[in-house]
Amino acid sequence: GAEGSTLMSYFSKNQIQALKPKITFSTLRDLQCPVLQSNELQGKPEESCSTEELFEWLGAVLSQVSLDNKSSSFLSTYCCPQPNIMVEKAFLCTITGFIIPEKIIQLLEQLCCYFGEPKLAHWLTLTVHGFADSPVSWRESEHGFHKGGENLYNFVIFRNLDYWLQMAVGTNDDCPP
C-alpha cells in the first residue's frame with residue numbers, strides 16, 4: 001500500500017539496499033571426526049564422544065583450527081577427541097547474513113532429507129550463530145553482548161533422525177524454556 005511505497009522511497013533516497021546472504025562452500029579433506037552415538041549424550045570411553053567434546057571440536061573445525069596436535073609458535077594444541085574416525089571428505093557450507101527463522105527451519109528439513117537415501121555419514125550438524133550485538137534474548141533478560149555475545153545453537157542430526165540440540169548463551173542471558 002501507500003506505506004510500502006513511502007518506505008521504499010526512504011530506502012532509495014538514503015542509498016540503503018538489501019543484501020543477500022553470502023554463501024561459501026568448502027571441502028575438508030582427511031578430517032578426524034568424533035565418533036558419536038545418538039543415545040549417549042555423556043559419551044562412553046572407547047566407544048563414543050560426549051556432546052561437550054563434539055561442541056568444542058566443532059568450534060575448532062568452524063574456526064579452522066589445526067587439529068594435528070603439533071606445537072609450533074603457539075602455547076596450546078588441540079586434537080580431535082577419542083574415539084574418532086578419519087573422514088576422507090567433509091562438506092562445509094557457510095551462510096553469512098541475516099537469515100529468518102523460517103529459512104533455518106527449511107535448511108534443517110533439507111538436512112534431514114539427506115538421510116532419506118543411503119549415505120556414508122553417520123551424523124551432520126547445523127550451527128546457527130546470532131549476531132553478537134543482537135537485541136534478541138530469551139525470556140525477559142537483556143542480551144549480554146558486552147560480556148561476550150554468545151548467541152548460538154547447534155543441531156546434530158543422526159541417521160535415525162534422532163538429534164541433539166546444543167545452545168550457548170552469554171552469562172547474562174537466560175536459556176530458552
Side-chain angles (χ1 to χ4, degrees), residues 22-96 99 104-105 107-132 134 138 143-145 147-177:
K22 177 184 170 190
I23 302 173
T24 57
F25 300 98
S26 59
T27 301
L28 307 174
R29 301 207 179 271
D30 299 324
L31 180 67
Q32 285 185 301
C33 293
V35 172
L36 304 176
Q37 298 294 329
S38 65
N39 59 346
E40 291 295 335
L41 297 172
Q42 303 302 317
K44 277 190 174 175
E46 309 296 323
E47 290 183 31
S48 63
C49 296
S50 69
T51 58
E52 292 88 1
E53 290 172 316
L54 170 75
F55 201 60
E56 184 177 70
W57 172 84
L58 191 58
V61 169
L62 295 175
S63 300
Q64 299 175 347
V65 169
S66 173
L67 303 175
D68 60 11
N69 201 26
K70 293 179 185 171
S71 63
S72 61
S73 63
F74 51 87
L75 297 175
S76 64
T77 62
Y78 183 80
C79 61
C80 185
Q82 295 288 336
N84 60 54
I85 59 170
M86 182 67 73
V87 174
E88 187 179 318
K89 288 193 293 188
F91 186 67
L92 177 63
C93 174
T94 305
I95 304 172
T96 306
I99 304 166
I104 294 170
I105 291 168
L107 279 170
L108 189 58
E109 289 171 349
Q110 289 297 309
L111 287 172
C112 288
C113 290
Y114 173 82
F115 293 118
E117 297 176 22
K119 303 287 186 206
L120 297 177
H122 296 274
W123 52 268
L124 53 85
T125 67
L126 171 67
T127 303
V128 179
H129 284 265
F131 295 104
S134 170
W138 298 102
H143 179 55
F145 84 95
K147 298 195 179 188
E150 297 85 358
N151 180 13
L152 67 102
Y153 56 93
N154 180 59
F155 282 98
V156 181
I157 306 154
F158 295 90
R159 270 188 190 165
N160 62 0
L161 297 183
D162 282 352
Y163 69 92
W164 295 346
L165 174 60
Q166 301 169 301
M167 297 179 157
V169 294
T171 53
N172 286 351
D173 297 332
D174 279 335
C175 285

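Source: prediction; values computed, not measured.
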Item to complete: Mark yes or no for whether Gln166, through its side chain, and Thr51, through its backbone, hold a donor-acceptor pair below 3.5 Å.
Response: yes
Worksheet, complete the sentence: Those residues at least two apart in sequence (or on a different chain) that pass ring-ring contact (aromatic ring centres under 6.0 Å, His included) with Tyr163 are Phe155
Discussion item. Determine whether Ile157 and Phe115 satisfy the following criterion, side chain to side chain contact (heavy atoms under 4.5 Å, CB included), listing intermediate values before the conclusion.
Written reply: CA-CA 9 Å; Ile157 306 154; Phe115 293 118; 4.1 Å; yes
Worksheet, complete the sentence: Residues at least two apart in sequence or cross-chain that pass side-chain hydrogen bond (donor to acceptor under 3.5 Å, both in side chains) with Asn160, listed by chain then number, are Asp162
Worksheet item: Among Pro81, Pro83, Ser50, which one satisfies side-chain contact (heavy atoms from CB on, under 4.5 Å) with Pro34?
Response: Pro81
Practice prompt. Kindly give the heavy-atom pair with the smallest separation between Trp164 and Ser38, and that separation in Å.
Written response: NE1-O, 3.0 Å
Worksheet entry | Considering all heavy atoms, the nearest Met167-Tyr153 contact | CG-CB, 3.9 Å
Worksheet item: Taking C-beta and beyond as the side chain, do Asp30 and Met86 meet within less than 4.5 Å on heavy atoms?
Response: yes
Discussion item. Show the nearest heavy-atom pair for residues Val87 and Lys89, with the distance to one decimal.
Written reply: CG1-O, 3.1 Å
Practice prompt. Give, for atom SG of Cys112 and atom CG of Leu107, the distance between the pair rounded to the nearest 0.5 Å.
Written response: 11.0 Å
Response to the item:
Distance col, row Asn39:CG vs Ser48:OG, nearest 0.5 angstrom, shows 8.0 Å
Response to the item:
CZ of Phe25 to CD1 of Ile95, rounded to nearest 0.5 Å, is 7.5 Å
Fill in: Thr24/Leu92 under side chain to side chain contact (heavy atoms under 4.5 Å, CB included): CA gap, chis, key distance, verdict
CA-CA 8 Å; Thr24 57; Leu92 177 63; over 6 Å; no
Pair up each side-chain donor or acceptor in residues 120-131 with any protein partner under 3.5 Å, not counting sequence neighbours, and list the distances.
residue, atom, partner, partner atom, Å
Thr127, OG1, Asn154, OD1, 2.5

Worksheet item: How far apart are the C-alpha atoms of Leu54 and Cys49, what are their side-chain angles, what is the distance that settles it, and do they pass the side chain to side chain contact (heavy atoms under 4.5 Å, CB included) test?
Response: CA-CA 7 Å; Leu54 170 75; Cys49 296; 5.7 Å; no
Fill in: Between CD on residue Gln37 and CD on residue Glu47, distance to nearest 0.5 Å
7.5 Å
